[in-house]
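Below is one structure; the comments refer to it alone.
Protein chains get the first letters and strands the later ones, always in sequence-line order, with residue 1 at the start of each.
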Amino acid sequence: MYDLKALRENLDQIRAVLGRRGNDVPWDDLRKLSDERRMHTMQVEQLRQELNKGSEEVARLRRAKEPADEAMAAMKRLGDRIKNVEGSLRQVEETLNNLALRIPNLPHASVPVGSDASENVEVRRWGTIPSFTNPPKPHWEIGENLGILDFDRAARIAGARFSVMTGAGARLERALINFMLDTHTTHHGYREVVPPLMVNRASMTGTGQLPKFEDDLFRLKDEDYFLIPTAEVPVTNLHREEILSGDSLPLRYTAYTPCFRREAGSYGKDTRGLIRLHQFNKVELVSFTTPDRSYEELERLTGHAESILQSLMLPYRVITLCTGDMGFSAAKTYDIEVWLPSQQQYREISSCSNFEAFQARRANIKYRPTTGKKEAKTDFVHTLNGSGLAVGRTLVAILENFQQPDGSVEIPSVLQPYMGGMGKITKDTP
RNA sequence: GGAGAGGUGGCCGAGUGGCCGAAGGCAGCGGUUUGCUAAACCGCCGUAGGGACAAAAUCUCUACCGAGGGUUCAAAUCCCUCCCUCUCCGCCA
């Protein structure tokens, strides 16, 4: 979301920087509506001033017990006129807002220009890709052979793109959640949050899922609630409509939540296994910072997500998304991709973004800078978030990277305390 | 779900049609006084949008007393709808 004044004054510039990202934005309508809004606003304010003055005059006359009928009639006419102009203003503003909410964020200058995923830029790699004597199995085979993943029953209970984990698989999922949360809270300084999993329309608009992407969301039938597609939504909205004190920043939160996505338009992609589900678990990192420190924070946050993979000894790489592959709300995004032996490729396991003031403007999240004694003007915070990590995909990576020739899976040593000391999952594990 | 009571500035709290962007208090900021601390006293102290000024300081206008409508020349105040909070009852993990 853009500041409407800034939008009006820099329309062409914004349009140029957005390039292909702004292809479906009706720029001419925006320009026209912006001008109309300004005109109507000025008119309403001027008429209101007249009305206020006139009403004061009426009050004065009546106190003085002088006749006021004429003044009252004049004000009545003026009031009707105001109602008229206000009506048009309201209409213009509604349309304008609706359009403005659908303009994507401006990419940061450091983001590579490109049209799709093929033009993303690799930043670094970590870890050693494991070698196998036999072809590595996909995780669903490993999991089903071990009796810890059950897609047939998940389909019966719910449908396609759902999973059931049992026994050591369920425990491994829980171990990963606890390990991630513990790491982020005790070593990285995040405050743990358990938020609502359903949110209202205003929250979804605040983080940018609405109004443009309603089709991607699960929505309740009888209430205007949506299932969260990521903890980013409720956690960022923790501070919606707030003015934070400057020295409370940065505020760092972590939350484990299930996430719900309709995956409309992804038919035929990743149809097997845990990679793409309607419901999955994720540990999320969310940060609120001052504008001058948000890019520093993006590096830090990405590092926190990476540290989980390093602890688990999982090989990964970090890429910078190009302008064409970035999400709607982001100014800059790093994806972290973990190595999946069965696919012989890196797959996304975390996405870390700086939204700059884009979400803060939508959600009205400000801070008051603390520059010495003087109270400074409020400004919008910058918001960031990143997966730290997608739990299901982490489990996939563990099954695939640590699979053994006998079909068992070794458990990374940092997780073993969370698994009651279990060192590997075998067919006989209860 | 039923019955009732409420939602006012960072907080507490007054305000039942005009002189109310809103008394008073607390907190905060600046100052005076003062061996230090404290106290006392004085001043400042909401957000947003527009205009004036080259710009800043500043001045000025408009809006905002949970949200949205309505009545009225005029609404924090009256009416309607919705949201939220609290109390009691019912149901419930």
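In this structure, CD of A:Q49 is placed 10 Å from C1' of B:rG51, rounded to the nearest angstrom. For A:E9 and B:rG49, the CD to P distance is 12 Å, given to the nearest whole Å. Between the CD atom of A:E241 and the P atom of B:rC64 there is a distance of 17 Å, rounded to whole Å. For the pair A:L47 CG and B:rC73 P, the interatomic distance rounds to 17 Å; values are reported in whole Å. Rounded to an integer number of Å, the gap from CZ of A:R37 to P of B:rU62 is 18 Å. A straight line from CG of A:L96 to C1' of B:rG49 spans 14 Å, rounded to a whole angstrom. Remark: P of B:rA63 and CD of A:Q46 are 13 Å apart, rounded to the nearest angstrom. Across the protein-nucleic acid pair, A:E223 atom CD and B:rC82 atom C1' stand 14 Å apart, rounded to whole Å.
A:R90 comes within 4.0 angstrom of the backbone, heavy atoms only, and of no base. Looking at heavy-atom distances under 4.0 Å, A:M72 makes contact with a base. If you check every strand for non-hydrogen atoms under 4.0 Å, A:R38 touches sugar and phosphate atoms only. Among the atoms of the strands shown, none is found under 4.0 Å from any heavy atom of A:K53.
Rounded to whole Å, the C1' atom of B:rC20 lies 11 Å from the corresponding atom of B:rA75. Going from the P atom of B:rC84 to that of B:rC79 covers 22 Å, rounded to whole Å.
Nucleotides of RNA chain B nearest to A:A71 and A:E50 differ in position, and the one nearer the 5' end is that of A:E50. Nearest-nucleotide positions on RNA chain B for A:D379 and A:K76 put A:D379 closer to the 5' end.
As the counterpart of B:rU37, no nucleotide is assigned, since no Watson-Crick or G-U wobble pattern has both distances under 3.5 Å. Shown here, B:rG46 forms a base pair with B:rC64; the pair counts as Watson-Crick or G-U wobble because both key distances fall under 3.5 Å. Both distances falling under 3.5 Å, in either a Watson-Crick or a G-U wobble arrangement, place B:rA3 opposite B:rU87. Applying the Watson-Crick and G-U wobble criteria (two distances, each under 3.5 Å), B:rA93 pairs with nothing in any strand. B:rA57 is unpaired under the criterion used here, namely a Watson-Crick or G-U wobble arrangement in which both key atom distances are under 3.5 Å. The nucleotide B:rG18 finds its pairing partner in B:rC73, both defining distances of the Watson-Crick or G-U wobble pair being shorter than 3.5 Å.
Contact of A:E45 with B:rG49 (side chain to base): a donor-acceptor pair of N or O atoms is detected under 3.5 Å.
Side-chain polar atoms of A:H382 and A:Y367 form no donor-acceptor pair below 3.5 angstrom. Inspection of the A:D428 and A:T426 side chains reveals no N or O donor paired with an N or O acceptor under 3.5 Å. Side-chain contact check for A:K332 and A:T320: no donor-acceptor pair (N or O, by modelled atom type) lies under 3.5 Å.
Between A:D216 and A:R261 there is no salt bridge, since none of the side-chain N atoms of the basic residue sits less than 4.0 Å from a carboxylate O of the acidic one.
Contact annotation: A:N52 side-chain N/O to B:rG18 OP1/OP2 distance is not under 4.0 Å. Of the side-chain N and O atoms in A:T378, none sit less than 4.0 angstrom from OP1 or OP2 of B:rG46. Taking 4.0 angstrom as the limit, A:K83 places a side-chain polar atom (N or O) nearer than this to OP1 or OP2 of B:rU71.
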- Message: Working note: A:Q359 + A:E232, criterion side chain to side chain donor-acceptor pair (under 3.5 Å); need CA distance, chi angles, decisive distance, verdict.
- Response: CA-CA 11 Å; A:Q359 294 180 325; A:E232 160 195 351; 2.8 Å; yes
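A 6.0 Å sphere centred on OH of A:Y225 holds no more than 12 heavy atoms belonging to other residues, nucleotides or ligands.
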